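Read through the structure below, which is laid out as structure tokens, and then see the notes.
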Amino acid sequence: MTITPDIHRELAVEANNATWELLGSSPTAPSPDDADEMLRCAYAAGYHWARAEGSSPANVARAEWLISRVWAVRSDGAMALRHGQRCLATCESAGLADFDLAYAYEAIARASACRGETDEARDHLRRASGVTIADAEDRELFESDLAAPPWFGLGRPQS
């Protein structure tokens with residue numbers, strides 16, 4: 001069976017949504033089974049977005065962010081940082097700003113906090129909060145995600 005780009009898009013959306021459902025049900029301490037499923041779904045979303053019809057660098061950056069967030073929830077700072085840096089690199093190479101750039105900095109901040117790198121985490125939180133997000137709904141979504149745990153003892157971030 002050949003998976004066409006439009007089917008990749010459908011599968012990317014499905015995997016992305018499934019990851020968010022799992023994140024919503026256990027944002028700080030998922031069961032081992034949920035943690036594994038969350039990771040499978042996040043990587044599947046990234047795989048399918050890379051092959052989806054109409055995929056853009058923003059889709060790739062957002063997939064990297066989602067994978068980073070799942071690794072952070074799993075308390076693996078090294079992997080969270082790896083994917084956060086990939087998110088930021090995609091933003092920089094594609095000239096993405098606004099919403100996507102704020103999330104890239106947030107991913108690195110959260111990964112740094114997970115690694116116990118408090119100064120680095122705070123620096124990237126300041127960068128994330130300093131990004132102008134033009135759309136009010138996007139800003140609200142970002143602030144909601146920014147307030148969500150885990151922050152590994154860093155305290156509740158303020159934007």
Side-chain angles (χ1 to χ4, degrees), residues 1-115 117 121 124-125 128 131 133 135 137-152 157:
M1 175 176 140
T2 300
I3 300 178
T4 60
D6 59 319
I7 292 174
H8 277 295
R9 175 172 279 290
E10 289 176 29
L11 294 171
V13 169
E14 183 177 326
N16 187 78
N17 291 342
T19 307
W20 274 107
E21 285 178 30
L22 289 162
L23 278 169
S25 66
S26 46
T28 57
S31 71
D33 288 343
D34 282 353
D36 289 344
E37 182 68 4
M38 202 181 299
L39 194 56
R40 281 190 293 271
C41 289
Y43 275 109
Y47 172 83
H48 290 294
W49 276 124
R51 293 155 179 79
E53 179 180 326
S55 181
S56 69
N59 296 116
V60 173
R62 292 170 189 176
E64 290 293 343
W65 176 87
L66 187 59
I67 294 167
S68 177
R69 179 62 168 267
V70 170
W71 279 115
V73 167
R74 292 179 61 122
S75 298
D76 189 324
M79 289 302 290
L81 183 60
R82 177 175 184 253
H83 289 282
Q85 289 171 332
R86 290 176 61 146
C87 177
L88 180 58
T90 300
C91 289
E92 290 174 342
S93 69
L96 298 175
D98 199 271
F99 182 82
D100 295 296
L101 185 60
Y103 271 99
Y105 288 137
E106 180 273 343
I108 294 172
R110 194 178 299 271
S112 297
C114 182
R115 293 166 51 98
E117 299 167 350
H124 278 86
L125 272 174
V131 173
I133 300 176
D135 182 83
E137 198 172 299
D138 285 348
R139 183 70 188 182
E140 186 176 318
L141 178 62
F142 172 72
E143 289 180 10
S144 173
D145 286 336
L146 189 65
W151 279 104
F152 310 97

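Residues: numbered from 1 along the sequence shown. This structure is a prediction, so every number in the text was calculated from the model and none was measured.
For Ala61, the side chain to side chain contact (heavy atoms under 4.5 Å, CB included) partners at least two apart in sequence or on another chain are Cys87, Thr90, Cys91, Leu96. Under the side-chain hydrogen bond (donor to acceptor under 3.5 Å, both in side chains) criterion, Glu21 pairs with no residue, sequence neighbours left out. In this structure, Glu14 has no salt bridge (charged side-chain N to carboxylate O under 4.0 Å, His left out) partners at least two apart in sequence or on a different chain. The side-chain hydrogen bond (donor to acceptor under 3.5 Å, both in side chains) test applied to Arg9 returns no partner, not counting sequence neighbours. Listed by chain and number, the residues in a ring pair (Phe, Tyr, Trp, His ring centres under 6.0 Å) with Phe152 amount to none (sequence neighbours excluded). Contacts of Asp145 classified as side-chain hydrogen bond (donor to acceptor under 3.5 Å, both in side chains), with partners at least two apart in sequence or in another chain: Tyr103. Listed by chain and number, the residues in a side chain to side chain contact (heavy atoms under 4.5 Å, CB included) with Ala128 are Tyr105, Glu106, Phe142 (sequence neighbours excluded). Checked against side-chain hydrogen bond (donor to acceptor under 3.5 Å, both in side chains), Asp6 has the following partners two or more places apart in sequence or in another chain: Thr4.
Here the OG-CE distance, from Ser31 to Met38, works out to 8.0 Å after rounding to the nearest 0.5 Å. A distance of 10.0 Å separates CG of Leu39 from CG of Leu66, quoted to the nearest 0.5 Å.
Between the side chain of Trp151 and the main chain of Leu146, a donor-acceptor pair closer than 3.5 Å is present. Using modelled atom types, no side-chain atom of Arg69 and backbone atom of Ala107 make a donor-acceptor pair closer than 3.5 Å. No donor-acceptor distance shorter than 3.5 angstrom exists from the side chain of Ser144 to the backbone of Glu140, with no hydrogens or angles considered.
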- Stepwise side chain to side chain contact (heavy atoms under 4.5 Å, CB included) test for Leu88 and Leu101: CA-CA 7 Å; Leu88 180 58; Leu101 185 60; 3.7 Å; yes
- Message: If you apply the rule side chain to side chain contact (heavy atoms under 4.5 Å, CB included), what do you find for Ile133 with Leu141, and how did you get there?
- Response: CA-CA 10 Å; Ile133 300 176; Leu141 178 62; over 6 Å; no
Can you give the donor-acceptor pairs under 3.5 Å from side chains of residues 45-52 to other protein atoms, not counting sequence neighbours?
residue : atom : partner : partner atom : Å
His48   : ND1  : His8    : ND1          : 2.8
Arg51   : NH1  : Tyr47   : O            : 2.9

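In this model, a donor atom of one side chain and an acceptor atom of the other lie less than 3.5 Å apart for Ser56 and Asn59.
The nearest pair of heavy atoms linking Ala72 to Arg110 is CB-CD, 3.8 Å. For Ala111 against Leu81, the heavy-atom pair with the smallest separation is CB-N, 3.3 Å.
Residue pairs meeting the salt bridge (charged side-chain N to carboxylate O under 4.0 Å, His left out) criterion with at least one member in residues 87-101, sequence neighbours excluded: Arg62-Asp100. Evaluation of the side-chain hydrogen bond (donor to acceptor under 3.5 Å, both in side chains) test over residues 70-81, restricted to residues two or more places apart or in two chains, returns Asp36-Arg74, Tyr43-Trp71. Applying the salt bridge (charged side-chain N to carboxylate O under 4.0 Å, His left out) test to pairs two or more places apart or on separate chains, those with a residue in residues 79-89 are Glu64-Arg86.
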